[in-house]
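Whatever order the structure lists them in is the order used to number ligands and atoms, beginning at 1. The structure presented is a predicted model; accordingly, all values stated were derived computationally and were not measured.
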Amino acid sequence: MTSLTHLIPAAQSVTTRGDETFVLDEDTTLTASPGLGGEERWLRMTLQAATGLPLREGVPGPRGGAADNSIGLHHDPSLPSEGYRITIRDNRTLIGSADTAGAFWGAQTLRQLLGPDAHRRALLRPTRWELPEAEIRDRPRFRWRGLLLDVARHFMPKDGVLRYLDLMAAHKLNVLHLHLTDDQGWRVEIKRHPKLTGIASWRPRTKRGHRASPLWVETPHGGYYTQDDIREIVAYAADRHITVVPEIDVPGHSQAAIAAYPELGNTDVIDTTALTVWDTWGISPNVLAPGDTTLRFYEGVFEEILDLFPSEFIHVGGDECAKDQWRRSPSAQARIKDLGLAGEDGLQSWFIGHFDRWLSARGRRLIGWDEILEGGPAPGAAVSSWRGRAGGIAAARAGHDVVMCPEQQVYLDHRQAEGDDEPVPIGYVRTLEDVYRFEPVPPELTAEQARHVLGTQANVWTEAMEDQARVDYQTFPRLAAFAEVAWSALAAPGERDFVDFERRMTVHYARLDALGVGYRPPDGPKPWQKRPGVLGRPLDGPPPPG
Ligand code: ACM
């Protein structure tokens with residue numbers, strides 16, 4: 001078994017050069033061209049821990065090349081953005097890249113080449129660390145290779161988020177979409193609105209399983225990231241060439257915020273002072289009032305968000321906004337009339353449009369779920385296409401950038417096999433192979449329109465995942481298949497070689513073991529991963545077409 005033939009995600013090309021190997025030892029050095037110090041540090045720290053080797057700083061060889069018995073990171077402007085070339089021969093290893101991200105992804109590949117134990121944080125036993133002579137050329141297919149973590153339904157403590165950033169980096173994923181707010185909780189400290197964390201960050205009890213389940217966990221659930229926690233997450237991500245895109249979901253999915261600040265709700269329809277942070281799942285009817293109080297409040301929220309997150313894109317949600325309260329609200333109806341809007345849908349579009357302009361004026365770009373298309377978003381706005389691919393197709397045709405994340409394919413809360421043992425059978429079955437065969441670029445798009453597909457994203461909604469073990473189980477191994485979809489430009493979708501992917505997975509499972517990931521085993525859940533008695537969503541018929 002050689003790791004060279006077991007890379008995940010697969011590299012663009014791997015050329016072997018005979019049977020020689022480069023053996024790392026106490027004298028092996030690590031060097032980097034100016035500007036690649038961060039990537040050199042990551043590689044040294046990671047490999048020192050796993051191998052016990054010192055990997056001292058070396059002196060670059062002639063013409064910037066690697067000296068004997070060295071690993072060198074060097075700048076090669078001929079290579080594509082985020083791409084790298086690894087050359088292992090004559091007792092040295094060179095990782096060339098045009099940018100720092102390419103050097104980092106090359107370092108990730110180098111770790112895979114050293115074997116699964118290179119993914120541990122301490123040396124287990126005497127090991128011969130060797131690299132096969134070879135040349136590897138690689139580059140990503142998409143520039144947006146995302147994972148959404150829903151930390152609102154169930155809070156993931158900061159350490160868990162840092163761990164997921166490491167797991168994303170190991171799979172060459174580069175966008176963490178943090179779903180920070182929802183009906184069931186608000187997870188980011190906003191200094192000017194302290195009740196968002198004082199009140200909206202916790203609920204006294206939680207529904208276990210689907211909303212129809214009779215099971216309740218009668219203990220408080222909550223938590224939030226302080227602004228320093230967020231700065232740490234963003235910096236840790238940046239060191240790993242990952243951008244954190246924050247989502248503040250408006251105008252729906254906002255009951256927790258209204259519970260903390262009742263003036264944000266439709267006070268002329270219901271008594272919003274009676275609202276609490278929601279303790280069950282679904283689409284809450286309690287949405288933001290489309291008035292000036294709400295706009296000013298959220299401008300304040302977004303001001304602090306922009307200070308914390310350098311991301312070009314800021315996600316404003318925009319999905320699943322129930323319109324019943326707006327239909328019944330005299331003030332919402334008056335606003336529709338005053339502004340000449342096309343009913344409640346026009347009102348939602350006006351609301352999102354406000355933040356579209358507000359963000360553009362501050363040099364950022366709005367991204368929202370595909371519902372934002374319904375009123376025609378501003379020119380710079382981008383769309384997360386979740387209700388199938390139709391929204392993405394319409395958006396790309398209209399010249400908007402798109403991230404493809406259709407629920408039919410890449411919602412990892414959906415169960416991954418048939419059978420009563422599968423824990424919390426939410427939604428329909430999407431196997432490892434189904435995810436592997438997902439094609440983010442719809443064939444309906446012309447080449448010009450397809451350029452608007454920035455990439456793709458797997459979404460992990462956590463209604464039925466209350467802790468890290470549950471999140472690991474749903475996310476892995478399917479995130480490995482997704483990473484190959486997002487990174488590797490190997491073959492047309494129909495030609496993807498799942499048998500070869502499964503063969504490479506045999507080694508990748510050992511990497512996941514070394515990384516401490518509680519994935520779903522290929523032959524089904526372990527006894528403690530099953531959840532007998534917890535009700536999932538009833539499975540009625542095939543999934544909607546995607
Ligand atoms: C979504 O799944 N409501 C974006």
Side-chain angles (χ1 to χ4, degrees), residues 144 146-154 175-187 207 210-211 245-257 278 280-288 313-324 345 348-349 351-352 355 366-375 377 381-395 400-415 424 426-428 430 435 438 440 454-465 471 474-475 478 482 536-537 543-546:
W144 185 302
L147 172 69
L148 174 145
L149 282 181
D150 167 12
V151 295
R153 268 53 174 269
H154 281 102
V175 178
L176 174 63
H177 173 164
L178 262 190
H179 182 75
L180 286 165
T181 71
D182 215 302
D183 299 309
Q184 297 86 358
W186 183 285
R187 306 285 174 225
K207 176 62 64 79
H210 181 255
R211 64 180 171 275
V245 174
E247 179 183 351
I248 303 293
D249 203 344
V250 293
H253 288 283
S254 299
Q255 183 168 324
W278 215 22
T280 187
W281 315 124
I283 301 177
S284 165
N286 299 306
V287 304
L288 297 176
F313 286 103
I314 302 291
H315 209 293
V316 303
D319 58 321
E320 299 179 319
C321 179
K323 303 290 185 335
D324 182 59
D345 286 343
Q348 149 129 356
S349 154
F351 190 96
I352 295 291
F355 288 103
L366 177 144
I367 183 166
W369 299 109
D370 55 62
E371 284 94 331
I372 71 165
L373 276 172
E374 281 155 17
V383 169
S384 305
S385 185
W386 76 278
R387 296 176 301 177
R389 301 188 303 179
I393 292 170
H400 293 286
D401 287 341
V402 175
V403 175
M404 281 293 184
C405 49
E407 60 172 337
Q408 293 83 356
Q409 273 93 9
V410 286
Y411 268 37
L412 301 186
D413 50 336
H414 291 178
R415 66 207 179 107
V424 194
I426 297 289
Y428 27 83
R430 281 298 169 262
V435 173
F438 169 55
L454 299 178
T456 180
Q457 182 172 291
N459 293 348
V460 178
W461 301 103
T462 60
E463 288 95 330
M465 294 171 226
V471 174
Q474 290 302 126
T475 305
R478 291 183 294 184
F482 174 77
R537 190 197 294 175

Under 4.0 Å to a heavy atom of E320 - the qualifying atoms of ligand 1, by number: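 Once the distances to E320 are compared, the set is 3 (N).
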
Within ligand 1, which atoms have a heavy atom of W461 less than 4.0 Å away?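 Answer, ordered by atom number: 1 (C), 2 (O), 4 (C).
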
Check G318 against W369 and note the closest heavy-atom contact, atom names and distance.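 Reported closest heavy-atom pair: N-CD1, 4.2 Å.
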
Determine, for E374 against R387, whether the closest basic-nitrogen to carboxylate-oxygen distance falls under 4.0 angstrom.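 Counted as a salt bridge, because a side-chain N and a carboxylate O are separated by less than 4.0 Å.
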
Close aromatic pair by centroid cut-off 6.0 Å: W386 and H179: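 Not under 6.0 Å, so no.
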
Please determine if Y411 has a nitrogen or oxygen closer than 3.5 Å to a nitrogen or oxygen of ligand 1.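 Among all N and O atoms of Y411, at least one is under 3.5 Å from an N or O of ligand 1.
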
Under 3.5 Å: donor-acceptor pair, side chain of R430, backbone of V435: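 Not at all, since once roles are kept as given, no pair shorter than 3.5 Å links the two residues.
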
Identity and distance of the protein heavy atom lying nearest atom 3 (N) of ligand 1: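 Of the protein heavy atoms, D319 OD2, 2.7 Å lies nearest.
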
